[in-house]
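Report on one structure; see the data block that follows.
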Amino acid sequence: MYVMGARKYNTTTITGDGRVASFLFDPGRRLFIVFGLFCVLTFAILVRLFFMQSVHYERYADKGLRQHTSERALLARRGSISIKDAGELYPIAVNREYFRAFVSEPDVDDEQKNTVATQIAGSLSVDAGDVLAKLSKEGDLYEVIARKITKERMEELREEKIPGLHFEPEIRRFYPGDSLGAHVVGFVGSDGENTRGRYGVESSFEGELRGEAGLVEEFRDARGGWNSVMDRAFSPEQDGKDMILTIERSLQQSVEKILAEDTEKYDAERGSAIVMEVGTGKIIAMAQVPTFSLNEYGQVDDLSLFSNIAVSDAYESGSVFKTFTLAMGLDAGVITPGSTYDDKGFVKADVFTIRNSEDKVYGVQTMTKILEDSINTGVVHVEKLLGNSAFKEYAEQFGFGERTGIELPVEAAGDLNNLSNLRRTVEFYTASFGQGITVTPLQLVVAYGALANNGMMMQPYIVDRVISSDGGEHVNEPHEKRRVISEKASEEISEMLYQVVAGGHAKLADVPGYRVGGKTGTAQVVNSETGKYDEEKKNTTFVGYAPIAGPNDPETIPEYVVLVRYDNPRAVEWAATSASPTFGRIMKSLLDFRDIPPTEEIIFEDAIVPENVID
């Protein structure tokens, strides 16, 4: 140590053994180090705050807001669907309150779980093993056991006081008519994640029926309670719209009953029927057999049963198409009802030969008799007079090859591709009597409706009115689509169709006291595997309308067009003995239902069908 005046100076020395002296433990040095660390930490915090408040501001602001807000969805009421019922409305699809049962594991003692599972299984008709598995999930407060429980049944179950079994309300779709109009209405189903309308009107108007959910956003304090000082964000729900269909309940029930009886009688795989108002295009009945329960749709294994074949199934219709070929000829002026044709029994087409059914030869026949006896070569003769280009244009004007635009899902357009090559003459010849091209039952109804409606085609529709939740109402009005043939041609083809029923092989379609017109069609079915016609299967169809003007009442206007179709009726061979009599039963029911007075003298006699029917 050195002494300089009165002051002493400490120095740092390092001893020979490497020990650090008091330099590092100097109080001033320690303060400097702490201050430096504080500055570094402060700088890091400032940098972090900068990034949080500027670069990542939105993310952290949103996260903070979520911690202090609670969102609650306000479910919208699904709109109802109704049909007409003698001037009133019959709700055919409504909302009904049910209950779902669930179990809470903490509410059941371990030693009770087996007993409780067995008790729940017996009361709710569910599997005891599944219930026990759900009760074994430790701490699980919510495991659904059963759904769609009625209020009455829920109250009964509550009285049993089963430990851990609880209930909560759920709104489900209910169909008061059960299977009534099933293929028109459709149903609301779930794919496991989403619940929405499937098939029918429930599907095609899903957006309008579902409505829009609302939202309540509440601000919470630190304890999670609602902060009454802060405003609540509120977006009200918008209930779905109500649909009123054009379907008539009593008529729909009658058509379904008749169709079910005759489908069984003729041992057919499927049957379908459509009833349309001629002057408006309203579909007032649409039925299909077999059908299904809308309330138990989950019991259906074959999903094809849900498809509405009236709109979604295009098929070769056979001789019902001959009516259009003759109507084309009448409108174009190349034939009259009395024009004659000398039938030789066959027609050459390219390298093919087209013959009449059962190789019949008819000789000289009028156009009316060609339709009455359903002569293949006769309609081929008319197609020749028209020419391929004109025939194709008329077919398109009648609406074949395009969707009608009805408010039902999965509508088929049919197929006119065989008419794309105007030089393929044989395709046009076969198309003239309904083979090689496909159409839907609905297209046939609409096109026959044009024949009955003085040549004017109407837009078909099945929704009469749409009512909004605020009471606003949109009414669908009849819409003329286009003129297809002249009024004169319409009158002529209608009289020819009347002769088919009155004097031809479609006598079983007759309704005593009324002039009824229509045409049969029996067509083979193409085998999807071989691509050839199946000798064992066929479709039978009858399409017609009534009442038709006659000498006793020249001012009569056709009111209704009806189609009946059977897939492979095994108990009968022809449409004249299957689809025709069903048509007659439906048309009689319809005319009685609408209280339309007879215009003809009623003669009670048994209708006679020729032994060798050709249709």
Side-chain angles (χ1 to χ4, degrees), residues 66-67 70-78 93-176 178-179 182 186-199 202-203 206 210 213 216 218 220 223-225 290-306:
R66 286 200 305 269
Q67 290 178 344
S70 173
E71 292 183 353
R72 178 163 51 91
L74 302 175
L75 298 181
R77 176 192 67 86
R78 189 175 182 88
V94 296
N95 303 315
R96 173 175 284 188
E97 184 182 61
Y98 289 94
F99 292 84
R100 68 169 66 97
F102 66 94
V103 291
S104 175
E105 187 274 337
D107 296 340
V108 184
D109 295 334
D110 290 342
E111 60 273 13
Q112 287 185 299
K113 288 181 178 177
N114 280 305
T115 303
V116 169
T118 302
Q119 191 176 359
I120 290 175
S123 298
L124 289 171
S125 299
V126 294
D127 184 80
D130 289 341
V131 178
L132 183 59
K134 291 177 179 180
L135 281 173
S136 300
K137 296 180 180 180
E138 187 174 350
D140 196 337
L141 299 173
Y142 184 86
E143 283 289 337
V144 176
I145 296 298
R147 298 177 182 273
K148 210 173 181 181
I149 301 170
T150 64
K151 183 177 181 181
E152 295 75 17
R153 181 59 181 146
M154 181 271 295
E155 290 175 347
E156 292 174 357
L157 290 166
R158 272 187 173 168
E159 290 180 1
E160 295 182 24
K161 297 181 179 179
I162 302 174
L165 181 63
H166 306 283
F167 301 90
E168 64 179 356
E170 63 175 355
I171 302 299
R172 299 288 293 266
R173 206 63 160 165
F174 178 71
Y175 301 92
D178 197 40
S179 63
F187 55 86
V188 175
S190 173
D191 58 7
E193 295 183 5
N194 301 306
T195 299
R196 61 180 178 82
R198 298 175 183 278
Y199 303 93
E202 291 276 32
S203 173
E206 167 64 14
R210 184 184 63 244
V216 173
E218 300 175 335
R220 305 269 176 191
R223 294 183 178 181
T291 186
F292 62 96
S293 166
L294 291 170
N295 292 311
E296 301 294 338
Y297 66 86
Q299 304 300 316
V300 176
D301 295 324
D302 182 4
L303 297 184
S304 67
L305 188 62
F306 297 142

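- For the residue pair Asp302 and Ser304, a side-chain donor N or O sits within less than 3.5 Å of a side-chain acceptor on the partner.
- With sequence neighbours excluded, the residues forming a side chain to side chain donor-acceptor pair (under 3.5 Å) with Ser104 are Asp107, listed by chain and number.
- By the salt bridge (charged side-chain N to carboxylate O under 4.0 Å, His left out) test, Arg147 is found to be paired with Glu170, residues two or more places apart in sequence or in another chain being considered.
- Glu97 pairs by the salt bridge (charged side-chain N to carboxylate O under 4.0 Å, His left out) definition with nothing, not counting sequence neighbours.
- Ring geometry for Tyr297 versus Phe306: interplanar angle over 60°, hence perpendicular rather than tilted (30 to 60°).
- Applying the ring-ring contact (aromatic ring centres under 6.0 Å, His included) test to residues at least two apart or on different chains, the pairs with a partner in residues 101-134 are Phe102-Tyr142, Phe102-His166.
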- From CA spacing to verdict: side-chain contact (heavy atoms from CB on, under 4.5 Å), Val188, Phe174: CA-CA 9 Å; Val188 175; Phe174 178 71; over 6 Å; no
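- For Glu296, there are no side chain to side chain donor-acceptor pair (under 3.5 Å) partners, not counting sequence neighbours.
- Scored by the side chain to side chain donor-acceptor pair (under 3.5 Å) test, Arg210 finds Glu206 as partners (sequence neighbours excluded).
- Note that CG of Leu165 is 9.0 Å distant from CD of Gln119, once rounded to the nearest 0.5 Å.
- Remark: Asn95 engages Arg173 in a side chain to side chain donor-acceptor pair (under 3.5 Å) (not counting sequence neighbours).
- In this structure, Asn114 and Leu132 have side chains that are in contact, with non-hydrogen atoms separated by less than 4.5 Å.
- Side chains of Val103 and Val116 form no contact here, defined as non-hydrogen atoms less than 4.5 Å apart.
- Of all heavy-atom pairs between Gly164 and Val108, the closest is CA-CG2, 3.7 Å.
- Two residues are said to be in side-chain contact when any heavy atoms from C-beta on lie closer than 4.5 Å; Phe187 and Phe292 meet this criterion.
- What you find for Pro176 and Ala93 is that their closest heavy atoms are CD-N, 4.2 Å.
- Each salt bridge (Lys or Arg N to Asp or Glu O under 4.0 Å) pair with one or both residues in residues 117-140, not counting sequence neighbours, appears once here: Lys137-Glu143.
- Closest approach of Phe167 to Leu157, counting heavy atoms only: CZ-CB, 3.5 Å.
- Side-chain atoms of Glu160 and Ser123 include a donor-acceptor pair closer than 3.5 Å.
- The minimum heavy-atom distance between Ala117 and Val131, with the atom names listed, is CA-CG1, 3.7 Å.
- Looking at every heavy atom in both residues, Thr118 comes nearest to Ala128 through CA-CB, 4.5 Å.
- Shown here is Lys151, whose NZ atom has no more than 12 heavy atoms of other residues, nucleotides or ligands within 6.0 Å.
- Looking at residues two or more places apart in sequence or on another chain, you find a side-chain contact (heavy atoms from CB on, under 4.5 Å) between Asp109 and Glu111, Gln112.
- Between atom CZ of residue Arg100 and atom CD1 of residue Ile145 there is a gap of 13.0 Å, rounded to the nearest 0.5 Å.
- The side-chain contact (heavy atoms from CB on, under 4.5 Å) test applied to Thr150 returns Tyr98, Glu152, Arg153, not counting sequence neighbours.
- Looking at residues two or more places apart in sequence or on another chain, you find a side-chain contact (heavy atoms from CB on, under 4.5 Å) between Ser179 and Thr291.
- Using a 4.5 Å heavy-atom cutoff, the side chains of Arg78 and Glu202 are in contact.
- Among residues two or more places apart in sequence or in another chain, the side-chain contact (heavy atoms from CB on, under 4.5 Å) test is passed with Asp110 by Glu105, Lys113.
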